[in-house]
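Following: one structure in structure tokens, then a few remarks.
Residue numbering restarts at 1 for every chain, and letters A, B, ... go by the order of the sequence lines.
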Amino acid sequence: MPFLLEKGIIILINIIGGTMEHHIQNKIYHVEILPPKQAVTIEKLHEGLKRFAAKYNRVMEDGRCACITDNAMGLLAFQGTEVIEELKLKVNPEQVMIHLNTFHTKENLDEILNSCISLGIKYLLVISGDGSDRLPKLQPSDVGAVGVEAVTSVELTQYILREYPGKFVIGVAFNPYEPAEHEFEKLDRKIAAGSTFIVTQPIIEQNAVIDQMLKDYPNMPTIVEAWMSKKLSLLSDAVGYEIPEDTIFDPITTLGKLHELYPNCGVYLSLLGFKYQINKIEGLWK
Amino acid sequence: MKIVVCIKQVPATTDAKIDPVTKRIIREGVKAELNPFDTYAVEEAVKLRKRFGGEVVTLSMGPPSAVNSLRETVSVGADKAILLSDRALGGSDTWATSYALSKAIDKIGDVDLVLCGKQAVDGDTAQVGPGIAAHLNWMQATYVNSVDDVTEKSLKVKRMHEDGYDICELQLPAVITVVKGINIPRVPTLRGRLASEGEEIPTWSATDIGADPEKIGLMASPTRVVKTNPPPARQSSTIKINGSPEKCAKDLVRELRLRSIL
């Protein structure tokens, strides 16, 4: 079906079995947006909401896909769905993806999913997520999981697809910095649970584990995450080793290289700068 | 059931600095947040109101900025909030603070239950809750991790201690301080947070609550901090797990569970 963007560009979407394939075919960047944090003054919250709206609208206008995080790094933030509802932002189902992790109450989880349905949001990136003392963790009984001690993205995916059939297209995370054997075993279970696309952890160069994954799962639409912050040291936690703070890093050049290295993958832009970088990525994905 | 929850705004840091002269925590320039333990008290109060009806009032003694933490409690379900703020209250220790809070609770009137977090993460004294009970001459239970069998006149609580727990029955009105295992505090919604901004939060002075000037503030505080030391750094250690992969995995899970990581 044709997908009409605001700028008047018509993109033909090839939704085969409800996958993300057409985002890759049509070179649609996935742009991460963080909702405002909880622990701020009301003035800062209003500023944060304004910033969120500006970023979201820009992503929509550019025909890209807004990917809204869920308490990223365990830091309490407002839910993407409630921010969209409160700000009455326009939702194009093809241009919004919500992250959803396992740190919710059952009630809260269902509220989020029902909000997604009423807003028309269908893309979910289901992840185990980072917890904190302030975040509740879903229990196996909440999602009807039997024989497991904890809810992971596998059980959450199964729950969503079982309880909300036909409503969501679910993607999962792939972490090339974890022991590969374990990560591939997990990926098998995620796919068996019903996930239909993959988003990797941030990379800045060719990654052998991702190369192996692309070889082993050739039909799985894969989106590689490009690190867009100049502060490469912030990636230390993800990669599992210390990156010196003074490391010089050029995200735009690196993004260009990633396109060359992974021409058949989509790209997720984490921590993209909306002041300067967003204009520089135009035309980079050839 | 009318429930008052006493809350405190604390520095949002694990690296609190002490003024070498006044021996007090330096709060200037440090972000503030609702004392994490108090979030459990607020949640328990909201849950009790849902089950038994009534009203939840949150109360805080502190600087005008403490109104932000009070608003947070409204955004997660408190019916109203009151700030107790007055220069005359400045420098109060836990005894004078609990006196002032008990006077405010008196002024609120017809209170059945006072809930507090087990302690504030800045002072770590765990004295204000018991102090309020002492000033009001009410029954109290500390380190509570469940509240059951609530009637109009009494309730039962499970009170945690090093060797297990006690089940105590308290006649109402009473004061209880709660531990974090008691519930999972709800996270404020955006709608709740924005709505709380419209909530009028009255500020009461020492005069408003009828506090005896001789019993509040620095001069009325018997505590004297003569010396402060940072707590010793936490010991880190490495444990080597030996055995078959199955046994190693089992032992690792056990160790992680013992440390509440899993």
From B:E197 CD over to A:H46 NE2, what is the distance, rounded to the nearest 0.5 angstrom? 6.0 Å
Heavy-atom pair count under 4.5 Å with chain B, highest-scoring of A:E82, A:Q79, A:E85, A:K137: A:E82
Take atom OH of B:Y165 as the centre, draw a 6.0 Å sphere, and report whether it contains more than 12 heavy atoms from other residues, nucleotides or ligands. no
Around A:E107, counting heavy atoms of other residues, nucleotides and ligands shown, do more than 12 lie under 6.0 Å from its CD? no
Chain B heavy atoms under 4.5 Å from A:H104: which part of the residue, side chain, backbone, both or neither? neither
Output for pair (B:I184 CD1, A:F103 CZ), nearest 0.5 Å, gives 11.0 Å
Side chain, backbone, both or neither: which part of B:R186 has an atom under 4.5 Å from a heavy atom of chain A? backbone
Please classify the contact between B:T39 and chain A as side chain, backbone, both or neither, with a heavy-atom cut-off of under 4.5 Å. side chain
So what's closer than 4.5 Å to chain B heavy atoms on A:I42: side chain, backbone, both or neither? both
Above 12 or not: heavy atoms from other molecules or residues under 6.0 Å from CZ of B:R254? no
Of A:T105, A:N108, A:N71, A:L135, the residue whose pairing with B:V187 passes side chain to side chain contact (heavy atoms under 4.5 Å, CB included): A:L135
Under 4.5 Å from any heavy atom of chain B - which part of A:E111: neither
Using a cut-off of 6.0 Å, state whether more than 12 heavy atoms not belonging to A:E149 lie near its atom CD. no
Rounded to the nearest 0.5 Å, the CG atom of A:L87 sits from the CG atom of B:L190 at a distance of 7.0 Å
What do you reckon, is NZ of A:K37 surrounded by more than 12 foreign heavy atoms closer than 6.0 Å? no
Calculate, to the nearest 0.5 Å, the distance between atoms CZ and CD belonging to B:R191 and A:E86 respectively. 5.0 Å
